[in-house]
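Read through the structure below, which is laid out as structure tokens, and then see the notes.
Chain identifiers are assigned alphabetically (A, B, ...) following the order of the sequence lines, protein sequences preceding nucleic acid strands; residue numbering begins at 1 within each chain.
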Amino acid sequence: MNPLWHKVHWSSFIIHNHILLQSPNIISSNCSCFISTLSVTNPIQGHIRNGKINHARQLFDQNPTSRDTVTWNSIITYYIKHNQMQYAHNLFDQMPKRDIVSWNIMLSGFNKTNNPHKLHQLFLQMNRAGEIPNHFTFSIIISGFINTFNVLVPQLHGLILHLGLHSNVFVGSALMRGYTRLKDCEALHRVFDDVVVKDVSTWNALVVGYMELGFTVEAQMTFNKMPDVNIISWTSLVNGYIKNGKINQARSIFDNMPQKNVVTWTAMIKGYAQNDNYIDAINLFVSMLESATRPNHFTYSTLLDACAGCSMFLLGNQLHSCILKTGLLCEVVVSTSLIDMYMKCGDIEVALCVFESMEKKNTVSWNSVIGGCARHGLAKRALCEFEKMIESGAKPDNVTYINLLSACVHGGLVEEGERHFKLMGMRYGIKAEMKHYSCMVDLYGKSGEIEKAEKLVKEMPFEPDVGVWGALLTACGLHSCYEVANGVENLARDHPTIYSMLVKLHGEKGEWSRAIEMRNKMMETGARKQKAGSRTEFVHGVT
DNA sequence: GTGGTTTATC
């Protein structure tokens, strides 16, 4: 029995379950039978195709004559497909003779396991070995470099032109993705033109590229000109409009689509949720269930995110029961969103319970639990979870440290905070960003160490933002440091929040003329009285 | 025996 069951309302199962149960599981095609009837010349490859790796290895290890390059490659491919990169790499290193396919298989392995540094190293090693890259090589490495070594795209493009591989569809769409990331619209279009025989993916890459760069009109025109469109083209269009803030246009495309899949539905739901339109997000989810489209882990994650955003505890709870039923709790994105939802709805106990029950945790999961504890004032617990995170081998990132430092602020743990602030760069190479500085200023400020706070603001490698100035001014108010506050007045950029704080400070000091002056400045900078609202229709169990 | 397009949690 899952320990979480007792936490979930049984009534939750009533909702939508009839629809979930109706979806039949039709994935039962039996491909392996078909493959096993094929005649294969090499018995080792036959065993691999039938999934009998041990038989294959036995033959391979016993008969040196059977070990041609294709066989080596087949075995390495098998290991990569079964997530055994280390085995694959060992075999690759032992190969007496490698061909271009061997290199490409290994490169593809590093790409699939999301290891851009190893991918890069192997590519350099391949060049040193004198192997000439082909169109497979380029499509693999460009897509693998997209997040880390994207600066190399123009250089690789040069090499591609030199080798005459620019007209290949796969190379073309990989390059287009690369140039989209580099925000080079001209190059994007040039690569598109160079692909002689374009297919639907090439066109899709152009639509996505234009959308990413903010050219919605060009994207739409491209879509209209497309000789063939598929569901991905439509979804890219919907998603592009959402990314450009044109949610109504996205919806109109969405409504006119000839068919939709789970990705399309999820993209549209996310569009609403991101724009704080939670009602439409949920309504759309209900329509999705009615259309018999089965939600996947991204859909649930998106919906839980919406619940977290407006503290919809009951719906979050119901979603939890659906997730348990569909077996999607094992997905890291789902359980992480679930933790965040429970934390933001105030149920720390269940949030921690979900977290403890997770088999696989990643940096984001640790971040949400550390952040949740920090927000609820459980500073010691947050620090403790951080220690456990390090012990588990997970790597902290910038968000981890924002959460950790804010835990220190809540707990008034100045020394701890100082220590972590130093260690984050020294041990983990994480550069301190604006938010880390504002945490530190807040930490010093709240504990009365105004000089240290002021010194840090002066020493910051970039212009402080409202958050940093706000933290400093709050400290001035708390500890009646009017001199420092006067200094801030001359330095802080025009911002209603800053002036509003200064009004309060001058008022407390009894300097009414200065207070009025600040109030006028505040109004000039566009301050508006906020509409009061409890949003009672959403709030359940918020602390 | 190798490759490209849509949703992705803090």
Open item on the list: Using only modelled atom types and a 3.5 angstrom limit, is any donor from either the side chain of A:N104 or the base of B:dG3 paired with an acceptor on the other?
Closed with: no
Open item on the list: Taking atom types as they are modelled, would you say the side chain of A:S173 forms a donor-acceptor pair with the base of B:dG4 within the 3.5 Å cutoff?
Closed with: yes
TODO: Compare the aromatic ring of A:F298 with the six-membered base ring of B:dT7 and state whether they stack according to the 5.5 Å and 30° rule.
DONE: no
Counting side-chain heavy atoms from C-beta on, which of [options] comes nearest to [X]?
| X | options | answer |
| --- | --- | --- |
| A:N204 | B:dT6, B:dT2, B:dT5 | B:dT5 |
| A:V333 | B:dT7, B:dT9, B:dC10 | B:dT9 |
| A:V169 | B:dT9, B:dG4, B:dG3 | B:dG4 |
| A:K344 | B:dC10, B:dG3, B:dT2 | B:dC10 |
| A:T336 | B:dT5, B:dG3, B:dT9 | B:dT9 |
| A:V364 | B:dC10, B:dT7, B:dT6 | B:dC10 |
| A:S337 | B:dG3, B:dT9, B:dT7 | B:dT9 |
| A:R177 | B:dT7, B:dT6, B:dT9 | B:dT6 |
| A:S108 | B:dG4, B:dG3, B:dT7 | B:dG3 |
| A:V263 | B:dC10, B:dA8, B:dT6 | B:dT6 |

Task: Distance, nearest 0.5 Å, that separates CD1 of A:I76 from OH of A:Y87 - done: 14.5 Å
Using whole Å, what does the distance between atom [atom2] of nucleotide [N] and atom [atom1] of [X] come to?
| X | N | atom1 | atom2 | result |
| --- | --- | --- | --- | --- |
| A:I231 | B:dT7 | CD1 | P | 14 Å |
| A:L304 | B:dC10 | CG | C1' | 14 Å |
| A:M211 | B:dT7 | CE | P | 13 Å |
| A:Y300 | B:dT9 | OH | P | 18 Å |
| A:N296 | B:dT6 | CG | C1' | 12 Å |
| A:I141 | B:dG3 | CD1 | P | 14 Å |
| A:Y241 | B:dT7 | OH | C1' | 19 Å |
| A:H157 | B:dG4 | NE2 | C1' | 15 Å |

Ignoring backbone atoms, establish whether [X] has a side-chain N or O less than 4.0 Å from OP1 or OP2 of [N].
| X | N | result |
| --- | --- | --- |
| A:K112 | B:dT2 | no |
| A:N239 | B:dT7 | yes |
| A:K243 | B:dT6 | no |
| A:K270 | B:dT9 | yes |

Task: Check: A:D305 side chain, A:S301 main-chain N or O, donor-acceptor pair, under 3.5 Å - done: no
Task: Side-chain donor or acceptor of A:R67 paired with backbone N/O of A:F60 under 3.5 Å - done: yes
Open item on the list: Between A:S252 and A:D255, do the side chains contain a donor N or O and an acceptor N or O under 3.5 Å apart?
Closed with: no
- [ ] Over 60° means perpendicular and under 30° means parallel, so classify the ring planes of A:H189 and A:Y210, tilted if in between.
- [x] tilted
Assign [X] to base, sugar-phosphate, or nothing according to its heavy-atom contacts below 4.0 angstrom with the strands shown.
| X | answer |
| --- | --- |
| A:H297 | nothing |
| A:D305 | sugar-phosphate |
| A:D199 | base |
| A:V332 | base |
| A:S335 | nothing |

Open item on the list: I want to check a possible cation-pi pair here: A:K395 against A:Y428, using under 6.0 Å from ring centre and within 45° of the ring axis as the test.
Closed with: no
Open item on the list: Quick check: A:W366 with A:F386 (ring centres under 6.0 Å apart)?
Closed with: no
